[in-house]
Amino acid sequence: LLIEEASQRIKELKEKNLSEAESFLAVNSKREGVITTESGLQYEVIKMGEGPSLTESDVAKVNYKLTYLDGQEGDSSVPGVPSTFKVTGLVAAFKEGLLLMKVGSTFRFYVHPSLGYGETGSSRIEPNTLLIFDVDLVDIVD
């Protein structure tokens with residue numbers, strides 16, 4: 001019985017989060033300055049840098065902050081200490097967004113669950129959660 005209750009709660013959470021994500025994205029897509037890619041990633045250019053662009057084989061040095069629709073912070077780089085990531089190892093939307101940036105840029109990504117952690121979520125992210133990333137592309141690591 002407990003397993004049934006838990007799986008019912010997860011199902012309801014998936015549906016609620018997906019509905020909230022899609023409602024938000026539908027409204028957000030109409031805001032001035034929000035660009036939607038073919039995959040469904042929405043982003044805003046806060047500042048376009050002058051540096052080089054990343055390729056998929058690069059390692060990116062970034063400052064980032066992940067927030068959820070309710071404004072809660074989910075994760076971030078340590079202030080003053082950029083994180084480094086292999087571009088190939090990132091969730092689809094983060095990778096796609098980074099590849100649009102030049103070094104020195106600041107973008108905000110609005111990530112549909114299907115381009116983030118999807119129906120399964122992660123140990124810290126609920127299933128079908130919309131993700132909002134504020135990203136500064138600091139450098140490309142050799």
Side-chain touch [X]/[Y], heavy atoms, less than 4.5 angstrom:
X: His112; Y: Glu22; answer: yes
X: Ile125; Y: Tyr68; answer: yes
X: Ile35; Y: Leu100; answer: no
X: Asn17; Y: Pro113; answer: no
X: Leu99; Y: Glu96; answer: no
X: Val111; Y: Leu41; answer: yes

Would you indicate whether [X], at its atom [atom1], is surrounded by more than 12 heavy atoms from other residues, nucleotides or ligands within a distance under 6.0 Å?
X: Glu4; atom1: CD; answer: no
X: Arg124; atom1: CZ; answer: no
X: Glu73; atom1: CD; answer: yes
X: Tyr117; atom1: OH; answer: no

When clusters are formed by joining ILVMFWY residues with side-chain heavy atoms under 4.5 Å apart, either directly or through shared neighbours, do [X] and [Y] land in the same one?
X: Leu90; Y: Leu131; value: yes
X: Phe94; Y: Leu54; value: yes
X: Leu66; Y: Phe24; value: no
X: Tyr43; Y: Val87; value: yes
X: Val62; Y: Tyr110; value: no

To the nearest 0.5 Å, what is the distance between [atom1] ([X]) and [atom2] ([Y])?
X: Ser83; Y: Asp75; atom1: OG; atom2: CG; value: 7.5 Å
X: Lys16; Y: Glu126; atom1: NZ; atom2: CD; value: 6.0 Å
X: Leu18; Y: Asn128; atom1: CG; atom2: CG; value: 4.5 Å
X: Leu25; Y: Thr36; atom1: CG; atom2: OG1; value: 8.0 Å
X: Lys14; Y: Thr120; atom1: NZ; atom2: OG1; value: 8.0 Å
X: Met48; Y: Met101; atom1: CE; atom2: CE; value: 8.0 Å

Sub-3.5 Å donor-acceptor pair from the side chain of Lys47 to the main-chain atoms of Gly104, do we have one?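 It does hold such a pair.
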
Using atom types as modelled and distance alone, determine if a side-chain donor or acceptor of Ser19 lies under 3.5 Å from a backbone N or O of Glu15.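 A pair under 3.5 Å: no.
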
Shortest non-hydrogen contact between [X] and [Y], atoms and distance:
X: Val138; Y: Val103; value: O-CG1, 3.2 Å
X: Glu44; Y: Val34; value: CG-CG2, 3.7 Å
X: Thr88; Y: Glu56; value: CG2-O, 3.2 Å
X: Lys102; Y: Gly51; value: CB-O, 3.2 Å
X: Leu130; Y: Ile132; value: CD2-CG1, 3.8 Å
X: Pro127; Y: Ile10; value: CG-CG2, 4.4 Å

Kindly assign one of parallel, tilted or perpendicular to the pair Phe133 and Tyr64, based on the angle between their ring planes and the thresholds 30° and 60°.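 Tilted.
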
Test log, rule side chain to side chain contact (heavy atoms under 4.5 Å, CB included), inputs Asp58 and Leu98: CA-CA 11 Å; Asp58 285 327; Leu98 276 178; over 6 Å; no

